[in-house]
Structure formats: C-alpha cells, structure tokens
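Data block below; observations after.
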Number of protein chains: 2
Amino acid sequence: MLDKRKRSILQAIVDDYISTAEPIGSRTIARKHDLGVSPATIRNEMADLELLGYIEQLHTSSGRIPSAKGYRFYVDSLLSPTQMSEREIALIKNWYQEKTRHVEEVFQETAKILSKITSNISLVLVPQVTQCAFKYLKFLPFDDCRTILVVVTDTGFVENKVIDIPTGLSFNDLQRIAEHINRRLSGLSFENIELSILREIQNEMLIDVDLFETALGILKQALVVEKNERLYLGGTTQLLSQPEFKNIEKVKSFLDMLEEEHLLANILQKQKNDGVIVTIGDENKYSGIQDCSMVQATYRIDGQVVGTVAVLGPTRMDYGKVMSVLEFMHNHLGEVLKKYKI
Amino acid sequence: MLDKRKRSILQAIVDDYISTAEPIGSRTIARKHDLGVSPATIRNEMADLELLGYIEQLHTSSGRIPSAKGYRFYVDSLLSPTQMSEREIALIKNWYQEKTRHVEEVFQETAKILSKITSNISLVLVPQVTQCAFKYLKFLPFDDCRTILVVVTDTGFVENKVIDIPTGLSFNDLQRIAEHINRRLSGLSFENIELSILREIQNEMLIDVDLFETALGILKQALVVEKNERLYLGGTTQLLSQPEFKNIEKVKSFLDMLEEEHLLANILQKQKNDGVIVTIGDENKYSGIQDCSMVQATYRIDGQVVGTVAVLGPTRMDYGKVMSVLEFMHNHLGEVLKKYKI
DNA sequence: GTTAGCACTCTACAAGGTCGAGTGCTAACA
DNA sequence: TGTTAGCACTCGACCTTGTAGAGTGCTAAC
C-alpha cells in the first residue's frame with residue numbers, strides 16, 4: 001500500500017497528465033501542487049513509484065506518465081466519487097425534452113450527450129428485442145397483390161414490411177393465418193420461439209401446407225427483424241482533438257474498427273453485473289482498443305437491465321467526469337425511455 | 001478551343017495528378033506519355049495552359065496541377081464516357097442480393113458500395129416522403145390506455161408510434177376518427193395536405209371539438225414523422241487515406257460539417273434535372289466543400305425521380321470511375337428498391 | 001529523511017547546406 | 001515557324017548540426 005505522500009504524488013501525476021497530455025516532471029509537481037517538499041524529494045518518490053509500476057517513462061529524462069496500473073489505482077483509490085452538478089443534470093433533462101420525440105432519438109441523443117460532455121466516443125447499445133415478448137402480428141391492406149405485415153412486441157416496438165401476397169391466398173386467408181399464429185405465440189418471448197413450436201404449428205396447420213410455408217417464412221422474417229439490435233455511436237470526430245491521435249494512421253485503424261459494429265456490441269455485451277465499470281488499457285480483451293479505456297454502465301427499465309451505455313477514449317481520460325455522467329445515465333436513462341413508451 | 005496537343009497534355013496532367021496526387025512536371029509527361037515531343041516543347045505548352053487558366057502552379061519550380069477550370073474541361077471534353085465492366089456490375093448486384101433484406105439496408109449498402117468502389121465519401125438521400133401520397137392511417141390495439149398509430153403511404157412506407165389514448169375516448173372513437181381522416185385525405189400527397197384541408201376537417205367534425213383536436217394532433221405528429229427524410233453516409237474514413245487530408249485540422253472541420261446532416265441534404269436537393277452531374281471545386285455553393293468535388297445522380301422509381309445519390313471527395317478524384325458508378329446507380333437503384341417493395 | 005548541486009540525457013526546434021525536380025528564357029536548328 | 005538543347009535560377013524536401021530546456025540520478029551536506 002502506498003503512503004500518503006506517494007498517493008498525493010501519483011494523484012498529481014495522473015491529474016496533470018489527464019489535463020495536459022504531457023509527461024510530468026518533478027519540478028512541475030513541486031510548482032503546481034503544494035506538497036511542502038522539494039523537487040528532489042519528489043524525484044526520489046517518483047523513482048519508487050516507477051519501480052512499483054504505477055508510472056513509466058517514455059525515455060530517460062522525460063517526465064513520467066501513469067501506467068495502466070497507475071490509472072487503476074487512481075480510479076479505485078484516489079478518485080472521490082463525484083456527482084454531476086444540478087445545473088448539468090437540468091441541462092441534460094432539458095436536452096432530452098427538446099430533442100427527442102421518437103424512441104430512436106433518445107438513443108441517438110444519448111450518444112450525442114455523452115460524447116459532448118466527455119469529449120470522447122460514446123456507445124449506446126439498445127435493448128435486445130429478443131428479451132421482450134411477441135404480442136401479435138397483423139396484416140394491413142395495401143393493394144391487390146401486396147400486404148403490410150406488422151409485428152408488435154409487448155414493449156410497443158413495431159416492425160413492418162411490405163410483402164407479396166402468395167398466389168392463391170386471399171386477404172382473408174392471411175387474417176386466418178395471423179389469428180392462428182397469434183393464438184399460439186402471443187406472450188412468448190422471442191428467445192423462446194423455437195423451432196419446436198414452429199413445428200407444432202406446422203402440424204396443426206397440416207391442412208394447408210403451402211399456407212404454412214408462407215406463414216413460417218413471414219415469421220422467420222419477423223424474427224430476423226426483431227433480433228436486429230442496434231448500436232448508436234457518438235462523437236467519433238472527438239478523437240481527432242485528442243493528442244494521442246495526432247498520428248493519422250492510428251485514427252484510421254481506430255475508425256475502421258469502430259465500423260465493425262458487431263465487435264463493439266460484443267465487447268459491451270460482456271458486462272453482466274449492474275452498475276458502472278471501468279476497463280483500463282490492456283484490461284480490455286479486444287486488442288484493437290488496448291491503449292484505450294472504456295467506462296460502461298447498464299441501464300434498466302422497471303428494474304430489469306435492458307442495455308448498456310459506454311464511453312470509449314484514450315487511457316488518459318477524465319475518469320471522474322466520465323464516471324459521474326455514466327452513473328447518471330445508469331440511474332436515469334430508463335426513466336427517459338419510459339416516457340417515450342418503449 | 002484547345003488544339004489537340006494541348007488537350008493531350010492537359011489530359012496527361014489531370015490523369016497523372018489524379019493517380020499520384022503530385023504536381024506534374026514537363027519531363028514526367030514526356031517520359032510517361034509518348035507525345036513525340038521534348039520536355040521543352042511541353043513546357044511551352046504548359047505555360048500557355050497556365051495562362052489560359054487550365055492548370056496552376058503552387059510555387060515557382062513546382063510541377064503543375066489542374067485548376068477547377070482544368071477539371072471542368074477534362075470532365076466535359078476529355079473524359080470518354082465509360083461503362084462499368086460486366087464483372088463489376090455482377091459484383092454489385094450480388095452484393096445487394098446477399099446483404100439487403102430491408103429497404104433501409106438497401107440505402108445503407110448503397111452508401112457502402114459507393115464509398116468502397118470510389119474510395120470517397122458517399123451520400124444517399126432517401127425518397128422524400130412528402131412527394132408521395134397519404135394512403136391511410138390505422139389504430140392498432142396495444143393496451144387499455146395506449147394504441148399504436150400506423151400511417152401508410154402509397155409507396156408502402158409505413159411509420160408507427162405508440163400513443164396514449166386520450167381520456168374519454170374509446171378505441172371505437174379512434175376508429176371513427178381514422179375512417180373520417182382517411183376518407184378526406186387518402187390519395188393526397190403529403191405536400192398538399194395543407195392547413196386549409198385540416199380546417200375543413202375541423203368544420204366537418206365540429207360535433208366533437210375535443211375529438212378533432214386529438215385527431216389533428218395525431219396527424220401533425222404523423223406529418224412530422226413522415227417528413228423526416230434521412231441521409232445515409234458512407235466511407236467517411238476514406239478521407240483519411242487521401243493525401244489532401246493529411247492535415248488533421250482539415251479532416252476535423254470536414255467531418256464536423258458532415259455531421260450537420262441537414263446542410264448536406266440541402267446541397268443534394270438542389271439538383272432538379274435528371275441524370276449525373278458534376279460540381280467541381282468552387283462551383284459548389286456551400287463553402288465547406290469548395291475544395292471538393294461532388295458527383296451526384298438522381299434515381300427513379302417508375303420513371304419518377306425519388307432521391308439522389310452522390311460521391312463527395314477532393315477535386316482530385318477519379319471522375320471517370322465515379323461517374324460510371326453513379327451512372328449505374330442512376331439506372332439501376334430504382335430496380336433494386338422496387339425488389340424490396342418500397 | 002530532506003535538500004542542493006552537478007553532470008548527464010534526451011527532445012524540440014531553429015539555422016544552414018545540399019540535392020533534385022522543375023521552370024523560363026535564349027539561341028540554335030530543321 | 002515550330003522544336004529543341006542548354007543554362008541559370010528557384011524552391012521544397014531532407015539532412016546535419018547546434019542549442020536551449022526540461023528532466024533525471026547520484027552524491028554529499030544539512
């Protein structure tokens with residue numbers, strides 16, 4: 001365990017490095033932070049801290065920068081949990097009120113808010129629809145040969161598609177199919193709609209094989225639609241302002257990675273425990289972001305975790321601020337979503 | 001009008017500059033292109049071309065680069081219209097077949113295809129719903145206090161929203177409102193649904209003022225939804241590979257501009273005439289892209305122009321390739337969309 | 001345990017020099 | 001008259017060199 005002075009010095013290094021992005025030397029610390037000791041003493045302490053692995057040097061005679069271990073200690077032991085100010089909270093709530101009309105807009109604007117406040121990339125993973133239940137499907141008239149298939153979930157999520165009416169079927173036939181499927185599947189979660197149930201339906205409808213094939217096809221289509229979860233990204237251009245990305249090759253490879261949306265979704269999904277968690281540098285499993293840190297938080301509707309929001313940036317990020325914002329989202333995003341009737 | 005040799009030299013300069021991004025000198029032209037004359041002669045011709053404004057010099061003793069006027073001449077008079085190869089066309093068609101299931105995916109993938117093939121930013125402006133007609137709206141049951149409002153257009157575009165049932169109204173009342181509105185508005189284009197008509201409806205429904213207020217509110221909501229056109233962007237990271245964007249400030253201001261989606265949508269909307277058009281450098285009205293060129297093309301469904309696709313990049317772009325791809329989209333995107341029943 | 005002093009290291013930056021590509025001009029040539 | 005070779009000149013790219021400044025580790029004194 002570090003003694004008080006070492007902790008102060010480490011804190012000074014991390015704080016300064018976060019705000020300036022420059023390696024910190026002993027004299028700078030002595031000047032800026034009133035620790036009551038001379039630079040020489042600080043140098044000795046810094047040598048110890050380096051030996052212990054909390055800070056590192058890019059080359060002889062450069063200042064020190066925090067290591068991943070240093071950031072970890074900073075986040076766990078040095079950072080006092082801060083809350084967002086009343087003013088900031090009011091600002092955010094107002095933003096939601098003004099800019100969101102659709103549910104999708106809530107996600108979009110959440111991504112924007114997060115990236116704006118934290119000056120980093122934000123990720124918002126929307127509720128996995130597979131976790132909600134099938135309510136009913138319905139065919140709406142369109143024209144002689146086409147109809148609109150609408151699938152409704154218990155959360156009020158609606159998906160639709162214009163499809164050809166199979167030859168030989170009347171609109172009434174479609175209504176019958178819909179009724180039958182609704183009777184059997186209504187209330188089941190999409191996760192539980194398995195092939196076995198679909199087979200059962202097939203058996204029950206053996207009277208008309210063609211008709212079933214059609215129905216099955218439509219349902220499959222609906223399932224594909226429903227399972228399609230989405231990831232909202234915000235502030236990708238924020239990267240360009242960060243000095244660690246002044247090298248354009250790095251930016252490029254990073255942005256290319258971001259486009260592989262499913263990868264990111266995977267990283268986020270890993271979080272099962274509720275709350276705000278911080279992953280620093282090489283603690284990240286995915287190699288593309290090993291010199292980055294990610295702070296993520298779940299959000300809940302009616303107490304149930306439905307999605308994840310996260311902020312991704314260089315390890316040199318303002319953990320205090322980022323964590324407080326995500327703490328806020330963790331506690332309030334569900335409420336906002338509920339207002340928009342998801 | 002330029003004589004044949006000047007044209008050859010200008011063509012050589014533009015071609016070389018497009019592929020190398022380096023200013024072209026007289027000796028390079030003499031070496032690479034067999035014009036049958038010495039560098040000295042080419043130098044004289046180049047001096048003429050510069051005087052005429054087709055090429056310019058960054059500083060004494062640098063090679064020449066094409067000016068906007070030079071590119072314009074190149075596009076109008078030097079570029080032989082090329083078609084995409086059979087192989088490329090097959091590749092694209094296959095891509096659509098494999099990757100698109102939804103209409104939205106068609107737009108998304110179109111943006112991807114364009115940016116991939118041309119190595120530039122692509123823009124896809126989706127059909128402006130205001131140009132299509134209101135078909136009907138319908139209320140679907142959800143629960144005791146909420147209902148799903150579905151608005152259908154004649155093109156098969158469906159929008160929905162979960163709304164609260166106003167207190168005092170039954171589901172049957174809603175059905176009545178829907179029927180009435182449908183009777184009056186069905187077949188009208190969204191552009192033509194003016195306040196005057198809404199007033200008329202109000203008069204006809206004076207029997208129940210509250211009910212009308214509700215209906216009006218819902219319709220307004222629907223209109224807001226419907227008018228919300230979308231812009232799909234592709235290949236924003238391609239920028240980073242272009243040498244003209246090696247300066248990170250430039251990239252940043254450019255990307256920031258791209259985020260102002262409505263601005264871009266405005267630029268695209270200006271095109272009223274059908275076909276592929278090229279806007280070079282300062283021909284662009286919008287100052288943010290005055291050192292860029294944009295090639296845009298309309299696409300049609302059943303002969304009617306419904307949207308625009310475009311490629312945006314540095315003035316030094318491969319106009320031949322970009323134009324051939326957009327020509328293809330101009331002719332075929334409508335077909336693809338039709339397959340997905342929009 | 002703390003501090004001052006000192007020699008040392010390394011980067012960033014500016015100044016100067018060289019190289020090469022490219023030009024314009026002129027005079028000679030077909 | 002159009003084309004070409006030759007030449008002096010210009011300018012950016014790149015390398016080298018020197019210097020200033022920040023920072024370090026070590027040692028001896030307090």
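Nothing here was measured: the structure is a model prediction, and the numbers come from that model.
Judged by distance alone, the side chain of Ser253(B) and the main-chain N or O of Lys250(B) form a donor-acceptor pair under 3.5 Å. A donor-acceptor pair is defined here as one N or O able to donate and one able to accept, closer than 3.5 Å; no such pair exists between the side chain of Lys246(A) and the backbone of Ile248(B).
As the counterpart of dA22(D), dT9(C) is assigned, both hydrogen-bonding distances of the Watson-Crick or G-U wobble pattern falling under 3.5 Å. Both distances falling under 3.5 Å, in either a Watson-Crick or a G-U wobble arrangement, place dA29(D) opposite dT2(C). Checking dT18(C) for Watson-Crick or G-U wobble geometry (two distances, each under 3.5 Å) identifies dA13(D) as its partner.
The CE atom of Met46(A) sits 15 Å away from the P atom of dC26(D) (whole-angstrom rounding). Nucleotide dT23(C) holds its P atom 10 Å from the CD1 atom of Ile24(B), rounded to whole Å. Rounded to an integer number of Å, the gap from CD of Glu22(B) to P of dG20(C) is 17 Å. Atom CZ in Arg27(A) sits roughly 9 Å away from atom C1' in dG23(D) (whole-Å rounding). As a whole-Å value, the separation of Ile65(B) CD1 from dC11(D) C1' is 16 Å. Atom-to-atom, CD1 of Ile13(A) to C1' of dT24(D) comes out at 13 Å; the value is rounded to the nearest Å. In this structure, Asp16(A) places its CG atom 11 Å from P of dG23(D), rounding to the nearest Å. Atom-to-atom, CD1 of Ile42(B) to P of dG2(D) comes out at 17 Å; the value is rounded to the nearest Å.
The side chain of Thr41(A) has dT2(C) as its nearest neighbour among dT2(C), dT11(C), dT24(D). Listed nucleotides dT3(C), dC10(C), dC11(D) differ in distance to Thr60(A); the shortest reach to its side chain belongs to dC10(C). For His59(A), counting side-chain heavy atoms from C-beta on, the closest listed nucleotide (dT11(C), dT23(C), dG12(D)) is dT11(C).
No hydrogens or angles were tested; on distance alone, a donor-acceptor pair under 3.5 Å links the side chain of Ser61(B) to the base of dT10(D).
Side-chain N/O atoms of Ser26(B) include one lying less than 4.0 angstrom from OP1 or OP2 on dT23(C). Arg64(A) has no side-chain polar atom (N or O) that falls below the 4.0 Å cut-off from OP1 or OP2 of dG23(D). Between Thr28(A) and dG23(D) there is a side-chain polar atom (N or O) within less than 4.0 angstrom of OP1 or OP2.
No more than 12 heavy atoms of other residues, nucleotides or ligands lie within 6.0 Å of CZ in Arg87(B), so this atom counts as exposed by the packing criterion.
Asp15(A) and His33(A) are not linked by any side-chain donor-acceptor pair at a separation below 3.5 angstrom, with hydrogens and angles left out of the test.
Here the straight-line distance linking atom OH of Tyr232(A) with atom CD of Glu109(A) works out to 11.0 Å at 0.5 Å rounding.
Residue whose closest nucleotide on DNA chain D sits further toward the 5' end, between Ala40(B) and Arg43(A): Ala40(B).
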